[in-house]
Amino acid sequence: MNAFLPVLILMTSLLPAGVIFFIPQASHTLRNTINIGAAVAKLALVAWMLLAVAGGASYESVLPLAPGLVLLLRVDALALLFISLSATLWLLTTIYAIFYLGNKAELSRFFGFFSLCVAATTGLALSGSLISFFLFFELLTLSTWPLVAHKQDQASLAAARQYLMFALPASASLLWAIIWLESYTGPVLFTDPPDLSGIEPWKLRTIFALFIAGVGAKAALVPLHGWLPSAMAAPAPVSALLHAVAVVKAGAFGVVRVVFDVFGASDMQALGVDVPLALLASFTILWGSWRALDQGEVKKRLAFSTVSQVSYIVLGAALAGPLAMVGALAHLVHQGLMKITLFFCAGIYDERAGVKKIEGLNGLGQAMPWTSVCFSLGALGMIGLPPLAGFVSKVYLGLGAIEVGAPWVVAVLIASTLLNAAYFLPLVYRLWFLPLGEGVEVSAQAESGAIGLIAPAVVTAAASLGVGLLAASAVSPLGWASLIVARGYLE
Amino acid sequence: MNGLDILALSASALVGLGIYGLLAARHLLRRVLAFNLVGSGLFLWFGAAGARGGVGVDPIPQALIITGIVVALAASALGVALVVAHARLSGPTLPEEAPCDPEPDNRA
Amino acid sequence: MSALAPIVIGDVWPFALLVWPLLIGLVAALPGGARWALRLLPLAPLPALGFALAGAPGAVLLPDLILGTSLEAGRGGPLFIGMTALVWAMAGLHVALTFERGARNGIFAGFWCLTLAGNLGVFLAQDIASFYVAFAAVSLAAWFLVVHDRTPEALYAGRIYIILAIIGEASLLAGLLIGAQAAESFAIAEVRSALAGAPLGGLAAGLLMAGFGIKAGLVPLHIWLPLAHPAAPVPGSAVLSGAIVKAGLIGVLAFIPAGGFPALANAVVILGLVGAFGAALWGLTQNNPKAVLAYSTISQMGVMLALSMTAAASMVPFYALHHGLAKGALFLLVGVFLAATSARQRIVVLVAMGAIGLSVAGLPFTGGAIVKAAAKAEAPAWLALAISASGVTTSAVLGWLLVSLAAKPAKPAESARVWPILLAGPLMLGLAAWALPHAVAPMLGAPDWAYFTKAAALAEVGLPVLVGGLIAAVLMRKPLPSAPTGDLIALLPAISRPRFGRLTAAWQSAARSFRGLLIINSRRSAKAAQSGEAALLRWPLAGALLTATTLLLAWSLARA
Amino acid sequence: MTPLIWLVIAPLLGALAVLVVPARRMPAVALGAAAATLGAALALAAQVAGLGPRTVLLGGWTPPLGIVLKADGLGTAFAVMAALVMSGVALAARHELAPDKAGARAAYGFWPLMLLVWAALNTVFVSRDLFNLYVGLELLSLAAVALVALAGSREALAAAMRYLLFALTGSLLYLAGVVLTYSAHGTLDMAMLLARVPATGDGVALGLMTAGLMAKTALFPFHVWLPPAHAAAPAPASAMLSALVPKASLVILLRVWFEAMPDAAGDAALLVMAGLGAVAVIWGGVQALVQRKIKLVIAYSTVAQLGYFIIAFPLTGGDSAVKPWSAGAWTGMVFLALSHGLAKSAMFLVAGIWYSACGAQELRDLKGLARALPMSAFAFALAAVTLAGLPPSGGFTGKYLMMQAAFVAGLWPFALVMVAGGLLAAAYLYRPLAALFAKDEAISCAPVSRVRQAVPLALAAAAIILGVLSAEPFSFIKIGKPDAAVEGL
């Protein structure tokens, strides 16, 4: 049973993916049933495992491929953090996507790749060895491409192309790093960090840089972030997936794995690569926020905001102190909840009111109160307004920074907070305080009948409030992150 | 100079001539012929090799040469057939090597 | 598992009094609940008032909430909470009586309650997380009170307010983080004691001071205050000036150990005194009565901030009690005055304001005089002197308030029926300002009214009032030329979003040209590639290469 | 008779049989022969997996007089791969080369030639005699040239002519090497050559054979014949030409270097070879990137992929003993070749479907085909994953092992080449994929049966499965692995 569980949880999304591809376009009920059924099953499985893992259990499946290629799936606390996020958001995004896409073309292809993408994310989270991480990392790249290009118009194809132009060289870099490192150490298992003592420091530094470049493109670290803003050409559920559930999260998760389970915090510090990484992350945080100020399109602004916010996780990993790590891991979940709320809402504005530009948001608060409340909550949470989720992450990151003797990071956090406020508050202000734009017709029933779109947004918005409000409880993401770090540091 | 040397020298000459023809000739039929020259040279040499050690004649090279000749014959036949077919459509030289083939189409 | 641990440890009251206003606020969010919520506003602070009157007993621990919430009335807690609750209750009454039906009433009511909860929360929080949450609530939610009227002035004031509030929040967060890390605890008391010895402690204290100073109107961070008060609706100004600014004060008292940072303390004392005198003087140039009152608030807060950096810090809550009540009353009375329909009513209001003003100025035997005497008794002599002297400017500015108010044209009669009830609220506050210090003084061991029976003391506090009154009388004849409200902000360039367009543009053009380079090169290299392939296709070259490769291989192998 | 014999005889008999039956029965007879050969290959694989390498002495004669056929892991794996590809090709050709579509001559000529190619391939895979290999290789080349010429067009004939010239020259060089070897050692059997007393001429002989085989494998700079030839042939023919024919000379190259004369190998020659391989990877990739025709993109991709196989030569050795977790470059390269065969044939078959059903020849014609023919587009995408070396395909697994070996051998620049080659592959395969995925409502395609679309999908999927379930194939390939491959050259 124990060896079977990780595979089972992977299969909850992999099997539906295989099936959905072959469902005829018109069979909505069948497709939706499989989609939601699988998502619910996965969520239930994850919930059950959360209890078990909290009690100290861990599950492991090994599938040996060729020599050196060990496909190891392992459920530990860190993996579960990521999986529970992705499983929850998968269910919500699926519901949202079903209503968002309605009866548009190529639904089976869309949902097939959608499930595949989630399967890749799950596998990535479960990966217990470097090479299995890489396998799922690539699977993720490939399965996301058709989603980004889903609309099949010029802009989508260009965005998808740009995505690959960043993702594939990055994968090459990652592969290079993995093979280089493993040529010294043999296969790297995350449970058993490799002994790096015999390797020359410059080589290790280069390998580290290659690793970071590899996962950094997905995490949208500057200057590898260019694909993310263009990828907003994709349908809203895909953006939600990219920004909150799967892709950038996979990158950030990868940084965490590399720092803690491949190099180890102390080795990283001994090599002197922690500060450059922290600087890079800080620069990304500021640059992303900076560029967000200038964006006239809602989704683009959100995209640059993601560039900035995801680097909080990288920053936390770079600082490598226990508190910073707690903050980073909590932010992994927090950012997901808040950002998916924002993208859900941006999609609703687009779909229901035809609003893409920020000027279009003027006065929508009255016409679309539910959406706008959710959007505002997400935006305020991103700024770090207490007691929303973003605040909790910032506190722990800041504490962690000071703890490891990097108080300048606090200045970065503060600057980022101010910039976040500068690009999010005008949106909130427009929603609630400005009159509807000239010639904009938004029906008073803009939200009626959109319950399938609004409900997921309400859930995630409430969750981003809830996880902040109850951050100190053991079952919150923060509590879970503390558990992870406590276990990691006790080992 | 014994017989073997003569054989070796002739073989070398054949191979050398053949290689020259193969490289320098533009006409495809010449190239096929040049191939046969090189092939013959090699078979000659192979045959000479069968006389090694001076203890009688090694039968294996002879068997192999015969097989080789059959193969070369087949190859030549195919080559010639191709040359003919090619020449009918576009002349007796390869398109990229025919700078001023006057009227390739009229030959067909 | 810890999930099964108790959710609430201790008395539920400190928590309940915060939840109660939030519940009323939620009523406002219900469909059609806005009208109900407005009427319920006066009830929102009542549990807090009862709590304060009962001496603010009990403490509560909510381990799961935020980062672990601990609530207890700390130093000066009952005074702060009682004053705040009273001011909010009377202001809420004013709202309930005066607000007409409007689309935004629901928003106003909801955020009113949120602000109130935050305002009470800062006095109760014993851990930095809940303190910060409460502080953010009181700071940011109050923005809705400022901009409620949506006039251009209100929106401008709101913009300045929100920018400063967010900057304040941010610097507060930074300071708190450093403090919490130094203390390795979220408890405010431990943060406070750890700050002095901590690395970067000075920075943290400075950041905290800046954050609290913005809220408390410390010069030069006060600029939002004279803009926001006149722009807000009357009850909004009343709670802003009476109660909300005290959130900054409690922050200073709770977090900054003055003894640990002498330079910071000195700076704050100097800035506080600059505010105490300068703001009052600037107030004399204002024509809008609410702006005048706002400057008076800055002036009084300057005194309190200066006091909190000295041994007299323990008397600051006492001082704040009086100021909050009096200032709340004065602001509400401005509204009452403007609503007055007859000359008689106007005179009644002016008299009431005068009486309260005299208390603020420190007329002997008033509550104001008691709190000043209490403060001076603990303060160093030079500060005591300065406080006495500030009586001059205070009475002058309040005198000027009456003058400028009297000059306002009367309004036609509208809602005369509720006017007496409207008046009752601020009068009650004023009475409390006069009387409560007398009642509280013995508990604090402060001088009581008997203190003023000595001639010297009488003169010391009476004289400045007299001089100030005379100045006001002179100004009645010869007003000062009016100066811009918001003083320092007029000196700043207009605040707009900074555009570093050049940097962005440079980045984009670099990216473009890089892309262009790739395309050009790809075309060229495509051609080169094709011509290379065409060359290899020629048999003579190919044959030669084949020969050469054969020779190379044979040679290199033969060597081995 | 053992499956080993049937492996060679069945396609040969089939080739003869199709010539004597009426034209309309040809496909059925050919399919029967294909089934028999596939069965023989699978049976042989089962035997080899269970019992180790199988040997047959033809006519009971022992070397040096007789000829020995020996099936080891390497040869059998290739034979199985070839059987899969060939069966797929035969199924596809039933439609593609129906007389009404391809013309009577092509329809007539294809079946015997195809079976001849197969017979030649199997001969090469199991032969251990240098001259026997020569004969097999010649048979293969001549049949392949004929296949290229099958279309009869001007381009096809020119391409076939060019191919023939390179093939013949390669044969001569190889033959010269064989002659030198025989004159020095008096035997052409590999096992005996391994045990020979090294002679001075060995290096030259090896060099000549290598050069000849490189010309036949279409290694840079002798690759120029390949793209036009593969592009000119009918799609099923291209599939086997690209997927299988170069593998035959590759297998001979492997056998000569690792099983016959490992001692003659030298570092300089290895580096020359691998250097050419590296250039091939890059050159082929760049060429594929600038092509307009889909078949040329695929053909140049073969040029690039062939480079990887040659790169592996200097990287071998030191694997299991030094790094117990690594299977080494030799195994990796074989793996790469196997998955390349499967994926490449899938690609050509798909291109054939597109051409015959939709008239799509150029990349820009592919617009909208993903919607019109989703299964074939998916097959192409899967094959692209393999060719770009992306996980979880067999292409990735092979490349991974080779890169690892490059680091272990201290020759990391070759790993860099492999990474760059992978990126180039992604780039040039992206162009058709993006075109496929683009929207075009005006596209009109003749209906294509599911079976026909399923064949390439199955082949591409097999290449992926090879990566997902790689442990068994790996241990299989290692059966009878030459010592030189373990120890390095």
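In what follows, chains carry the letters A, B, and so on, assigned in the order in which the sequence lines appear, proteins first and then strands, with residues in each chain numbered from 1. Values below: every heavy atom of this structure, side chains too, minus hydrogens, waters and symmetry copies.
Within 6.0 Å of CD on Q154(A) lie no more than 12 heavy atoms contributed by other residues, nucleotides or ligands. Sparse packing is recorded around CZ of R161(A), with 12 or fewer heavy atoms of other residues, nucleotides or ligands lying under 6.0 Å away.
Contacts between I166(C) and chain A at a heavy-atom distance below 4.5 Å involve backbone atoms as well as side-chain atoms. For L388(A), no part sits under 4.5 Å from any heavy atom of chain C, backbone or side chain. Within the 4.5 angstrom heavy-atom criterion, only side-chain atoms of L140(C), from C-beta onward, approach chain A.
The distance from atom CZ of R159(C) to atom CG of L425(A), rounded to the nearest 0.5 Å, is 12.0 Å. Within the model, atoms CG of L323(A) and CG of L177(C) stand 10.5 Å from one another, a figure rounded to the nearest 0.5 Å. Here L399(A) contributes atom CG and E184(C) contributes atom CD; the two are 10.5 Å apart, rounded to the nearest 0.5 Å. To the nearest 0.5 Å, the span separating CD1 on I178(C) from CD1 on I402(A) amounts to 5.0 Å.
Contact detail for G68(C) and A472(A): the closest heavy-atom pair is N-CB, 3.2 Å. Across all non-hydrogen atoms, the minimal contact from I414(A) to A170(C) is CD1-O, 2.9 Å.
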Side chain to side chain contact (heavy atoms under 4.5 Å, CB included) evaluation trace for L478(A) with L67(C): CA-CA 9 Å; L478(A) 184 75; L67(C) 303 178; 3.6 Å; yes
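The side-chain heavy atoms of Y429(A) and L155(C), taken from C-beta on, include a pair separated by under 4.5 Å.
Taking the six-membered ring for Trp and thresholds of 30 and 60 degrees, Y132(C) and F391(A) have nearly parallel ring planes, at less than 30 degrees apart.
For F111(C) and W432(A), the gap between ring centers reaches or exceeds 6.0 Å.
The candidate with the highest count of non-hydrogen atom pairs below 4.5 Å against chain C, out of V395(A), V410(A), T417(A), L413(A), is V395(A).
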